[in-house]
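Please read these numbers as outputs of a predicted model, since none were measured by experiment.
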Amino acid sequence: MKDINTVNAPKAIGPYVQAKRTGNMLFVSGQIPVNPETSLMPEGIKAQTEQSLKNLKAILEEAGFSMENVIKAVCFLSDMANFNAFNEVYAEFFKDNKPARSCVAVKDIPKGAMVEVEAIAVID
């Protein structure tokens, strides 16, 4: 197993790594919408979704994977009323390869974020 970390995504805020690679599989930890350059979060669900997915993409790329390799995503929203707006942005990142997905509302997300996305990717 290999730890994956990149400066192009926010540092882990707890005792975990950004991702773990084993063989042809990559397990990416949940990504909240923290901009790795400024350490700030944008406002609004669409901007937060975009930043979370940019962070996810940066980690995938650091490990030699792409969004095309994602087979499963788990998405957490602080308010299910944001589901449609979240999906609009999410669809832009997964145009040709739509992974299996779960999307649930949760009480709280770290740092008061509105969204968090984690993923599993595989290279055939």
Side-chain angles (χ1 to χ4, degrees):
M1 283 190 283
K2 180 180 178 186
D3 293 351
I4 305 297
N5 290 292
T6 177
V7 297
N8 297 319
K11 291 181 182 179
I13 58 174
Y16 59 92
V17 294
Q18 291 173 335
K20 205 63 139 162
R21 181 173 183 167
T22 181
N24 67 338
M25 297 184 73
L26 184 70
F27 297 84
V28 183
S29 296
Q31 294 303 300
I32 60 174
V34 172
N35 181 314
E37 294 176 12
T38 65
S39 297
L40 300 174
M41 282 192 292
E43 292 187 26
I45 186 61
K46 287 186 176 184
Q48 287 202 9
T49 300
E50 181 177 2
Q51 186 63 59
S52 291
L53 291 170
K54 283 181 179 177
N55 295 343
L56 175 69
K57 184 178 178 185
I59 295 166
L60 288 163
E61 290 173 352
E62 179 70 21
F65 289 69
S66 74
M67 298 297 271
E68 293 289 316
N69 300 121
V70 175
I71 61 167
K72 172 70 176 172
V74 180
C75 309
F76 304 95
L77 301 176
S78 63
D79 186 343
M80 200 52 81
N82 292 324
F83 185 74
N84 290 335
F86 167 81
N87 276 332
E88 287 178 32
V89 177
Y90 180 92
E92 291 298 314
F93 282 81
F94 293 104
K95 290 181 181 177
D96 297 324
N97 174 45
K98 293 174 179 54
R101 186 184 92 177
S102 300
C103 187
V104 298
V106 295
K107 184 175 183 282
D108 291 312
I109 297 173
K111 296 192 175 238
M114 300 172 79
V115 61
E116 181 173 354
V117 181
E118 66 180 52
I120 299 170
V122 174
I123 294 179
D124 290 332

Could you state whether Val74 and Val104 fall into the same hydrophobic cluster, counting links through intermediate Ile, Leu, Val, Met, Phe, Trp or Tyr residues with side-chain heavy atoms under 4.5 angstrom apart?
-> yes

Side chains of Thr49 and Phe93: does their closest heavy-atom pair fall under 4.5 Å?
-> no

Locate the shortest heavy-atom distance separating Pro33 from Pro42; write the atom from each residue and the value.
-> O-CD, 3.2 Å

Between CG on residue Leu56 and CD on residue Glu61, distance to nearest 0.5 Å | 10.0 Å

How long is the gap from CD on Glu88 to NZ on Lys46, to the nearest 0.5 Å?
-> 3.5 Å

Donor-acceptor pair, side chain of Asn24 and main chain of Asp124, under 3.5 angstrom | no

Using a 4.5 Å cut-off on heavy atoms from C-beta on, say whether the side chain of Glu62 contacts that of Asn5.
-> no

Met67 side chain near Pro99 side chain, heavy-atom distance below 4.5 Å | no

ring-ring contact (aromatic ring centres under 6.0 Å, His included) filter on Tyr90, not counting sequence neighbours, yields Phe86, Phe94

Give a yes or no on whether the backbone of Pro36 and the side-chain of Asn8 come within a donor-acceptor separation of less than 3.5 Å.
-> no

Would you mind reporting whether Leu60 and Asn69 have side-chain heavy atoms less than 4.5 Å apart?
-> no

Co-membership, hydrophobic cluster, residues Met41 and Ile109, 4.5 Å side-chain | yes

Tell me, please, which residues at least two apart from Lys11 pass salt bridge (Lys or Arg N to Asp or Glu O under 4.0 Å).
-> none

Supply the atom-to-atom distance Ile71 CD1 to Leu26 CG, rounded to the nearest 0.5 angstrom.
-> 10.5 Å

Exam field: side chain Ser52 to backbone Glu116, donor-acceptor pair closer than 3.5 Å = no

Does the side chain of Met114 reach to within under 4.5 Å of the side chain of Asp79, using non-hydrogen atoms?
-> no

Kindly determine whether Val28 and Glu118 satisfy side-chain contact (heavy atoms from CB on, under 4.5 Å), including the steps that lead there.
-> CA-CA 6 Å; Val28 183; Glu118 66 180 52; 5.8 Å; no

Nearest atoms (heavy-atom pairs only) where Pro10 meets Gln18 = O-NE2, 2.8 Å

What distance do Ile13 atom CD1 and Ser29 atom OG have between them, rounded to the nearest 0.5 Å?
-> 10.5 Å

Mind checking the CZ-NZ spacing from Arg101 to Lys72? Nearest 0.5 Å is all I need.
-> 9.5 Å

Is there a side-chain contact between Phe76 and Val115 (heavy atoms, below 4.5 Å)?
-> no

Would you give the length of the straight line joining atom NZ of Lys54 to atom CD1 of Ile59, rounded to the nearest 0.5 angstrom?
-> 14.5 Å

For Asp3, all residues meeting side-chain hydrogen bond (donor to acceptor under 3.5 Å, both in side chains), sequence neighbours excluded = Lys20

Please answer whether the main-chain N or O of Glu68 pairs with a side-chain N or O of Asp96 as donor and acceptor at a distance below 3.5 Å.
-> no

Indicate, with yes or no, if Ile4 and Val34 share a hydrophobic cluster defined by side-chain heavy-atom contacts under 4.5 Å among Ile, Leu, Val, Met, Phe, Trp and Tyr.
-> no

Out of curiosity, does Val117 fall in the hydrophobic cluster containing Phe83 (side-chain heavy atoms, cut-off under 4.5 Å, transitive links)?
-> yes

